[in-house]
Structures are given as C-alpha cells and as structure tokens.
Amino acid sequence: FNEDDYAAVMKLQFETAEKLRRSCEERAEEVWARCMKGIRSPTTKELEHVLATWKGKPNRDRNNASGGEFVESDAFGLVKPLNSGCGMVSKNALDYPYLTKVMNAWAKSIPGSDEVGWTTITLNRNWAAHRHRYRNNVGLSMMVTLGQHQGGELLHWPQDDGKVPIGELPWKDATMLFLTLRQQASL
C-alpha cells in the first residue's frame, strides 16, 4: 500500500460505515413512527432489527477489551470529553436522534428501569471484557446484551470497595448476572 491507496481504503471504510449508520437511523425512524402511532414502546425484536445495521466507531482506548485490536463503541446522550470537566450532548445523539429515542424508549420499558436513571447509552459490539472496574460512571449502570451471541454473563462483586486489586477479588464472592433479555413480540 502506498499513501494514496491507504487514504482511499480509509475513505471507503468511512463512507461504508456512515451508510450503515444512516440505514440504522432510517430503521429507527420507522420503528419510532410505529410506536408513536400505537402509543407503545419499541420491542426487543424491533431494537435488534434497528441495530442490525449499526456500524460502531473503532475505539482503541478500551484497554479492558479482550481480543482484537478495538471495540466498536459509541455513546448516545450526555458525555464528558476527556479534556473537559463539562458534560455535553454526544455527537451521536445529535446525528442519530431516532436511534437515541428508540433506545431510550426501549430501555424505559424494561421492568425495574424506573428505579435506574441514566444519562447515556453506550453501544458496544463484539465486546468480551476482561475483569475491570468502571471509573467514569456515576451511579448505577444497566447492562443488556442483544442479538445472536454466546455468553451474556456478567460477574459482579457486590462487596467490592475498590481497595483490593481487581485480579485478587475472590471468585467465590462474585455473583453471576445473566444479561440476555428477550421480549416476545413481532415486527
């Protein structure tokens, strides 16, 4: 590859990813219209249909990801840039408003979600994480796995006070949570 070839490949990858994201936003707009017409929340099946065409941006900064060079990761909602102390609305929430609305409405329909408030939804694709602690989250986190995959379990150490090195947390103290959620509905 010379520089021109590399630039052409990068441009094509960017354009392809943007087409997929636009397709996702179009699907989300269609689902949103159906939900507003029927005054209902999006179903899990509808959300999976919408997200099937999403192409996330490569995030190489996730050092707690296992395998591969990067994780496809995108935030929707309020974010805090690393170089600023002020929160702001993410570019994704502004560029893809229907996807943001569909994800939020779907999340609000999950039993128990009224007990958990949120400001941000993060989409991660094909991510199997090493053991880690969240550092930038404030308050509770809600996690769900969607689509065709293996696993979907999360180990949680409810008594972790953050003082013990993460690799030394005893396995016997972990609680296994199953994150896969299915709602029966049709498109």
Side-chain angles (χ1 to χ4, degrees), residues 1-32 42 44-108 110 116-152 154 179-181:
F1 272 144
N2 63 34
E3 268 186 50
D4 290 338
D5 290 338
Y6 180 75
V9 167
M10 295 307 293
K11 182 179 181 209
L12 180 62
Q13 286 180 345
F14 174 80
E15 290 170 353
T16 301
E18 185 55 29
K19 283 180 185 174
L20 290 170
R21 289 191 285 270
R22 283 284 139 219
S23 171
C24 180
E25 177 67 1
E26 289 169 8
R27 287 180 176 201
E29 186 173 6
E30 292 168 6
V31 167
W32 186 252
T44 299
K45 191 171 182 176
E46 286 173 319
L47 181 62
E48 288 175 339
H49 171 73
V50 166
L51 293 175
T53 60
W54 184 257
K55 175 67 175 162
K57 294 182 179 95
N59 182 340
R60 289 176 170 74
D61 296 329
R62 283 227 139 133
N63 61 1
N64 54 10
S66 65
E69 296 176 21
F70 62 86
V71 172
E72 287 183 32
S73 182
D74 294 289
F76 297 79
L78 294 179
V79 294
K80 186 179 114 189
L82 296 176
N83 59 355
S84 169
C86 298
M88 59 187 274
V89 177
S90 70
K91 186 171 180 340
N92 287 326
L94 297 172
D95 290 348
Y96 309 103
Y98 287 101
L99 176 57
T100 304
K101 288 176 184 182
V102 167
M103 289 189 298
N104 271 295
W106 175 84
K108 286 178 185 176
I110 298 171
V116 180
W118 61 88
T119 59
T120 307
I121 293 178
T122 303
L123 291 180
N124 295 306
R125 183 184 301 265
N126 298 328
W127 187 33
H130 292 293
R131 197 188 291 195
H132 65 281
R133 288 185 181 106
Y134 285 115
R135 288 179 260 197
N136 295 320
N137 293 21
V138 176
L140 299 173
S141 294
M142 179 172 78
M143 301 174 134
V144 178
T145 62
L146 297 166
Q148 298 297 317
H149 63 279
Q150 293 179 337
L154 172 72
L179 303 174
T180 302
L181 178 69

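Residues: numbered from 1 along the sequence shown. All figures in this text were calculated on a predicted structure; none of them were measured in a lab.
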So how far is it from [X] [atom1] to [Y] [atom2], rounded to the nearest 0.5 Å?
{"X": "Met103", "Y": "Leu99", "atom1": "CE", "atom2": "CG", "answer": "4.0 Å"}
{"X": "Thr44", "Y": "Leu51", "atom1": "OG1", "atom2": "CG", "answer": "10.5 Å"}
{"X": "His49", "Y": "Cys24", "atom1": "NE2", "atom2": "SG", "answer": "9.5 Å"}

What residues, two or more places apart in sequence or in another chain, satisfy side-chain hydrogen bond (donor to acceptor under 3.5 Å, both in side chains) together with [X]?
{"X": "Glu72", "value": "Lys55, Arg125"}
{"X": "Tyr96", "value": "Glu18, Arg21"}
{"X": "Glu26", "value": "none"}
{"X": "Trp32", "value": "none"}

For Thr100 and Ala93, the nearest pair of non-hydrogen atoms, with its separation, is OG1-CA, 3.4 Å
So which atom in Ala28 and which in Val102 form the shortest heavy-atom distance, rounded to 0.1 Å?
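Where Ala28 meets Val102 most closely, the heavy atoms are O-CG2, 3.5 Å.
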The side chain to side chain contact (heavy atoms under 4.5 Å, CB included) partners of Asp74 (sequence neighbours excluded) come to Trp54, Lys57, Phe76, Asn92
Sequence neighbours left out, what passes side chain to side chain contact (heavy atoms under 4.5 Å, CB included) with Leu78? Give chain and number order.
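Checked Leu78 against side chain to side chain contact (heavy atoms under 4.5 Å, CB included); matches are Val89, Thr119, Thr120.
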Heavy-atom check, side chain of Glu25 versus side chain of Pro97, under 4.5 Å:
yes
Test log, rule side chain to side chain contact (heavy atoms under 4.5 Å, CB included), inputs Val31 and Tyr98
CA-CA 9 Å; Val31 167; Tyr98 287 101; over 6 Å; no
Checking [X] now: which residues fulfil salt bridge (Lys or Arg N to Asp or Glu O under 4.0 Å) with it, not counting sequence neighbours?
{"X": "Glu30", "answer": "none"}
{"X": "Arg27", "answer": "none"}
{"X": "Lys91", "answer": "Asp95"}

Give a yes or no answer on whether the side chain of Ser90 reaches the backbone of Gly77 with a donor-acceptor pair at less than 3.5 Å.
yes
